[in-house]
Amino acid sequence: MAFSVTTWNINSVRLRLPQVLQFLDSASPDVLCLQETKCPNDAFPSAAFRKAGYEHIAIHGQKGYHGVAIISRLPLSDDRRQTYCDIDHTRNISAVVAAPGARRIRIHNFYVPAGGDEPDREINPKFAHKLDFIEEMRCLHADAEQAEGISSILVGDLNIAPLETDVWSHKQLLKVVSHTPIETENLIAMQRDGAWVDLIRAHIPPEEKIFTWWSYRARDWEAADRGRRLDHVWSSADLLPSLTRVDVLREARGWERPSDHVPVTAHFDF
DNA sequence: ATGGTAGTCACACTA
């Protein structure tokens with residue numbers, strides 16, 4: 001039985017509702033995780049998602065900034081919202097999805113702080129926040145609920161491109177926030193400590209460049225192709241044998257009024 | 001070396 005989950009930093013769910021509905025209509029994932037919804041909970045366009053067949057919705061939003069959501073065709077339960085670094089940004093939500101074959105999977109959806117421009121925690125509090133956030137994520141383990149028979153998937157905009165092939169130029173980005181050694185090392189340490197498997201890289205070899213984000217500021221994003229892989233799909237090791245493919249929908253960056261991030265979908269066969 | 005664009009919310013802030 002097929003199962004799929006998508007992560008997408010949508011940069012305003014209300015502004016881009018038509019694009020999201022078009023994506024759901026064509027790609028038809030079982031679960032859609034959004035980041036940067038920029039939408040207070042009482043203004044979330046839930047009715048439009050229900051109408052599209054996604055009746056199970058868990059949201060965590062605030063006015064103006066941040067905001068995450070899990071939108072699902074399959075039942076969700078035990079939804080949780082966690083605060084990181086004692087700062088009440090809406091950057092995390094998780095829920096258990098009832099996947100095919102009586103499988104239960106907790107989906108953790110994250111929007112990690114971007115970290116500002118200066119990669120120095122002493123002078124840039126936003127960068128300090130980002131590093132502290134990643135550090136706090138270290139205690140999240142993929143096998144945390146294994147004893148209860150619950151597998152784990154972690155998705156989101158982690159705002160870090162860890163590998164050399166996750167950016168258009170490793171050398172030119174070494175001092176640019178998102179690809180500095182302290183960030184990439186901490187992210188990889190967090191992945192290792194939590195026993196997470198990087199599903200994008202399980203499907204697309206690490207030698208191959210792959211990006212999920214292209215800046216709005218480029219004159220021609222496609223020609224320049226100065227992208228970064230900031231969006232991630234990780235899982236507990238038990239799900240890896242069931243992974244069939246991962247799709248990075250590059251063409252979505254060229255849609256009308258696009259997000260600067262594209263949807264990434266992991267497909268499983270259970 | 002700088003500034004380029006996008007979104008929210010109504011002035012600057014964040015990315």
Side-chain angles (χ1 to χ4, degrees), chain A residues 7-23 33-45 48 59-69 83-85 87-92 109-121 123-134 155-162 166-169 171-180 182-184 187 211-232 249-264:
Chain A
T7 181
W8 196 5
N9 178 319
I10 199 59
N11 187 17
S12 174
V13 67
R14 284 177 287 180
L15 189 74
R16 254 173 281 286
L17 188 59
Q19 290 89 327
V20 182
L21 293 174
Q22 185 198 321
F23 172 77
C33 294
L34 297 176
Q35 304 87 32
E36 278 208 271
T37 54
K38 296 186 175 177
C39 183
N41 292 336
D42 59 11
F44 197 87
I59 57 178
H60 188 35
Q62 66 184 84
K63 184 177 171 179
Y65 303 105
H66 324 307
V68 286
T83 297
Y84 281 75
C85 307
I87 297 175
D88 62 353
H89 293 173
T90 53
R91 295 182 177 276
N92 169 257
N109 181 10
F110 280 95
Y111 175 49
V112 171
D117 286 333
E118 194 60 52
D120 181 346
R121 72 176 306 147
I123 61 174
N124 175 8
K126 289 194 206 125
F127 193 69
H129 181 208
K130 183 178 196 175
L131 296 180
D132 293 345
F133 196 104
I134 295 292
V155 305
D157 176 5
L158 305 187
N159 265 314
I160 298 175
D166 291 337
V167 292
W168 64 275
S169 168
K171 251 183 103 173
Q172 289 179 79
L173 287 171
L174 272 169
K175 291 181 176 168
V176 174
V177 172
S178 74
H179 194 62
T180 64
I182 182 125
E183 293 171 88
T184 57
L187 189 78
F211 311 139
T212 65
W213 172 91
W214 293 261
S215 172
Y216 281 128
R217 296 175 190 177
R219 287 191 191 117
D220 184 339
W221 73 273
E222 193 161 28
D225 200 21
R226 296 188 167 188
R228 307 177 200 168
R229 183 172 72 109
L230 303 179
D231 302 277
H232 294 261
L249 193 63
R250 181 184 165 103
E251 66 181 62
R253 185 62 180 77
W255 289 353
E256 187 100 355
R257 267 183 167 279
S259 168
D260 44 354
H261 296 251
V262 298
V264 179

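Naming: A, B, ... by sequence-line order, numbering from 1 per chain.
Considering only side-chain N and O atoms, A:Lys63 lies nowhere under 4.0 angstrom from the phosphate OP1 or OP2 of B:dT14. When the side-chain nitrogen and oxygen atoms of A:Arg16 are compared with OP1 and OP2 of B:dG7, one or more of them lie within a distance under 4.0 Å. For B:dT8, the OP1/OP2 oxygens have no side-chain nitrogen or oxygen of A:Arg14 closer than 4.0 Å. Dashed line: the shortest gap from a side-chain N or O of A:Ser12 to OP1 or OP2 of B:dT8 is under 4.0 Å.
Classified by interplanar angle (parallel below 30°, tilted 30° to 60°, perpendicular above 60°), the ring pair A:Trp255/A:Trp8 is perpendicular.
Rounded to whole Å, the separation between the C1' atoms of B:dG4 and B:dA15 comes to 13 Å. Between the C1' atoms of B:dT14 and B:dA10, the separation comes to 15 Å (whole Å).
Between A:Glu36 atom CD and B:dC13 atom P there is a gap of 18 Å when expressed in whole angstrom units. In this structure, A:Phe44 atom CZ and B:dT8 atom P are separated by 14 Å, rounded to whole Å. Rounding to whole angstrom units, CD of residue A:Gln62 and P of B:dG7 are separated by 19 Å. To the nearest angstrom, C1' of B:dT14 lies 12 Å from CG of A:Asn9. When the C1' atom of B:dG4 is taken as reference, atom CG of A:Asp117 falls 13 Å away, rounded to whole Å. Atom OH in A:Tyr111 sits about 11 Å away from atom C1' in B:dG7, given to the nearest Å. Rounding to whole angstrom units, CZ of residue A:Arg217 and P of B:dT14 are separated by 13 Å. Computed from coordinates, the A:Asp260 CG to B:dA6 C1' distance equals 8 Å when rounded to whole Å.
One finds a salt bridge joining A:Asp225 and A:Arg250 here, because a Lys/Arg side-chain nitrogen approaches an Asp/Glu carboxylate oxygen to under 4.0 Å. Salt-bridge formation is detected for the pair A:Glu183/A:Lys130: a Lys NZ or Arg NE/NH1/NH2 atom is positioned less than 4.0 Å from an Asp or Glu carboxylate oxygen.
A:Arg219 comes within contact range of no nucleotide atom at all, as no heavy-atom separation falls under 4.0 Å. Heavy atoms of A:Arg253 sit nowhere under 4.0 angstrom from any nucleic acid atom.
In this structure, the nucleotide among B:dA6, B:dA15, B:dC13 sitting nearest to the side chain of A:Tyr65 is B:dC13. Among the nucleotides B:dT5, B:dT14, B:dG7, the one closest to the side chain of A:Lys126 is B:dT14.
In this structure, A:Thr37 and A:Arg91 both approach DNA chain B, and ranking their closest nucleotides by distance from the 5' end singles out A:Thr37. Nearest-nucleotide positions on DNA chain B place A:Pro258 closer to the 5' end than the other of A:Asn159 and A:Pro258.
Closest approach of A:Ser215 to A:Arg253, counting heavy atoms only: O-NH2, 3.0 Å.
By the 6.0 Å and 45° rule, A:Arg226 stacks over the aromatic ring of A:Trp168.
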